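Structure first, then comments.
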Protein chains: 2
Amino acid sequence: MSPSNPTSPAGALSLEQQICYAMHTTVRAFDAVYRELLGEHGLSYPQYIALMTVGEHGPLTVSSLGGHLRLDSGTLSPLLKRMEAAGLVERVRDPEDERRVLVSATAAGHDRLAALGDVPHQIAVRSGLSRREMLDLHRTLRRVTERLDAGA
Amino acid sequence: MSPSNPTSPAGALSLEQQICYAMHTTVRAFDAVYRELLGEHGLSYPQYIALMTVGEHGPLTVSSLGGHLRLDSGTLSPLLKRMEAAGLVERVRDPEDERRVLVSATAAGHDRLAALGDVPHQIAVRSGLSRREMLDLHRTLRRVTERLDAGA
DNA sequence: TACTATCAAATTGCGCACAATCTAATTGTT
DNA sequence: AACAATTAGATTGTGCGCAATTTGATAGTA
């Protein structure tokens with residue numbers, strides 16, 4: 001019956017609700033495909049993204065990597081430790097500032113990235129999005145994120 | 001230098017990659033707003049969605065709730081236990097099939113939902129999306145998810 | 001009836017994400 | 001030089017999400 005909800009329509013989740021739910025769902029669907037493509041290479045999606053970032057942008061501190069990925073040390077520290085244990089990245093204390101840790105891809109890390117070079121294309125095909133749709137979606141997502149970050 | 005990547009363009013993450021990264025980022029930006037709106041009511045976003053679903057669709061088994069939310073018992077069992085401990089949902093073994101557990105919202109759960117009735121509107125405002133853009137985005141997300149689920 | 005197969009939910013283990021706290025190094029101020 | 005404030009990472013605790021396994025109930029079959 002739910003007789004006591006004055007604002008949202010009865011019988012169906014509101015559209016706004018469905019948008020967020022749909023985004024969560026889509027992200028998890030993407031994750032599942034990434035798991036399939038990356039799993040045999042021993043990488044999770046966050047690890048893959050982190051490896052690509054340090055592979056492209058050279059040695060990065062944990063916080064600057066976190067700036068790229070929008071993740072903090074609470075997430076990155078253990079993730080990077082696992083990737084270091086796997087031999088994919090190197091972590092070195094910055095001699096000029098011993099607080100900093102510089103993260104870079106090892107040769108094995110670059111090799112792994114090269115082996116995964118076709119993943120983006122496969123993802124694109126699986127998503128069924130045209131170039132134009134991807135651009136539109138990307139633009140919308142960026143704008144929404146910016147708007148949400150701006151706060152109330 | 002990254003001299004060994006033949007397929008993806010040097011110097012920038014590929015668009016496909018950025019799309020997925022952007023979706024992750026946007027979802028987390030939404031989550032942050034939900035945390036802000038729901039936190040004082042003692043709910044996480046997944047709990048909120050679960051409460052809305054059982055509140056609207058009456059008593060549901062764990063697996064049918066999982067069908068709505070696209071989550072399995074590994075996620076839902078502990079989540080529902082916490083919500084039961086908080087007095088928001090009730091879990092009862094189905095007398096007709098003792099394997100099943102029927103989940104429904106308690107009176108307190110319905111009250112909580114009523115108190116959160118304005119959340120969808122606030123989320124919509126914060127996102128800055130027009131009605132038209134929300135419809136487009138929603139349609140795109142549904143299509144992509146369907147496509148990804150279809151498999152290789 | 002007994003045996004097997006199937007099904008529902010719970011549990012275990014692992015990794016991600018975030019808040020809060022802690023440690024150590026650096027900077028700033030007096 | 002001494003001390004407070006700041007900064008970078010790491011750590012701890014909690015919850016979500018998924019794979020794999022386990023437990024218990026039901027259904028199907030010899």
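Here the structure is a predicted model, which means the values were calculated and not measured. A note on names: the letters A, B, ... follow the listed sequences, proteins ahead of strands, and every chain is numbered from 1. Because only heavy atoms are used, hydrogens play no part in the values below, and waters and symmetry mates are left out as well, while side chains stay in.
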Side-chain-base donor-acceptor pair under 3.5 Å for A:Ser73 and D:dA8: no
Applying a 4.0 Å non-hydrogen cut-off, can you work out what A:Ser63 is touching in the nucleic acid: base, sugar-phosphate, or nothing? sugar-phosphate
Answer with base, sugar-phosphate or nothing: what part of the nucleic acid does B:Leu71 contact at a heavy-atom distance below 4.0 Å? sugar-phosphate
When A:Leu60 and A:Arg35 are each assigned the nearest nucleotide of DNA chain D, the 5'-most assignment goes to A:Leu60
To the nearest angstrom, how far is B:Asp94 atom CG from C:dA10 atom P? 13 Å
Atom-to-atom span, CZ of B:Arg99 to P of C:dA8 - whole angstrom: 6 Å
For A:Gly74 and for A:Asp97, locate the closest nucleotide of DNA chain D by heavy-atom distance; then report the residue assigned to the nucleotide nearer the 5' terminus. A:Asp97
Can you see if the side chain of A:Arg93 gets near the phosphate of C:dA25 - specifically, an N or O under 4.0 Å from OP1 or OP2? no
Does B:Leu76 reach a base, just sugar-phosphate, or nothing at all? Heavy atoms under 4.0 Å. nothing
Aromatic contact between A:His41 and A:Tyr48, with the criterion being ring centroids under 6.0 Å apart: yes or no? no
Describe the nucleic acid contact of B:Thr75 in one word from base, sugar-phosphate, nothing, applying a heavy-atom distance below 4.0 Å. base
N-O pairing of A:Arg35 and A:Glu40 below 4.0 Å: no
Heavy atoms under 4.0 Å, any strand shown: does A:Ser77 hit a base, just sugar-phosphate, or nothing? base
Between C1' on D:dT23 and CD on B:Glu98, what's the gap in Å once rounded to a whole number? 14 Å
Nearest whole Å is fine: how far is D:dG17 P from B:Ile49 CD1? 10 Å
Considering all heavy atoms, the nearest B:Arg93-B:Glu98 contact: NH1-O, 2.9 Å
For D:dA25, take OP1 and OP2 only and decide whether either is under 4.0 Å from a side-chain N or O of B:Arg100. no
Taking atom types as modelled, find out whether B:Thr145 and A:Thr25 have a side-chain donor-acceptor pair closer than 3.5 angstrom. no
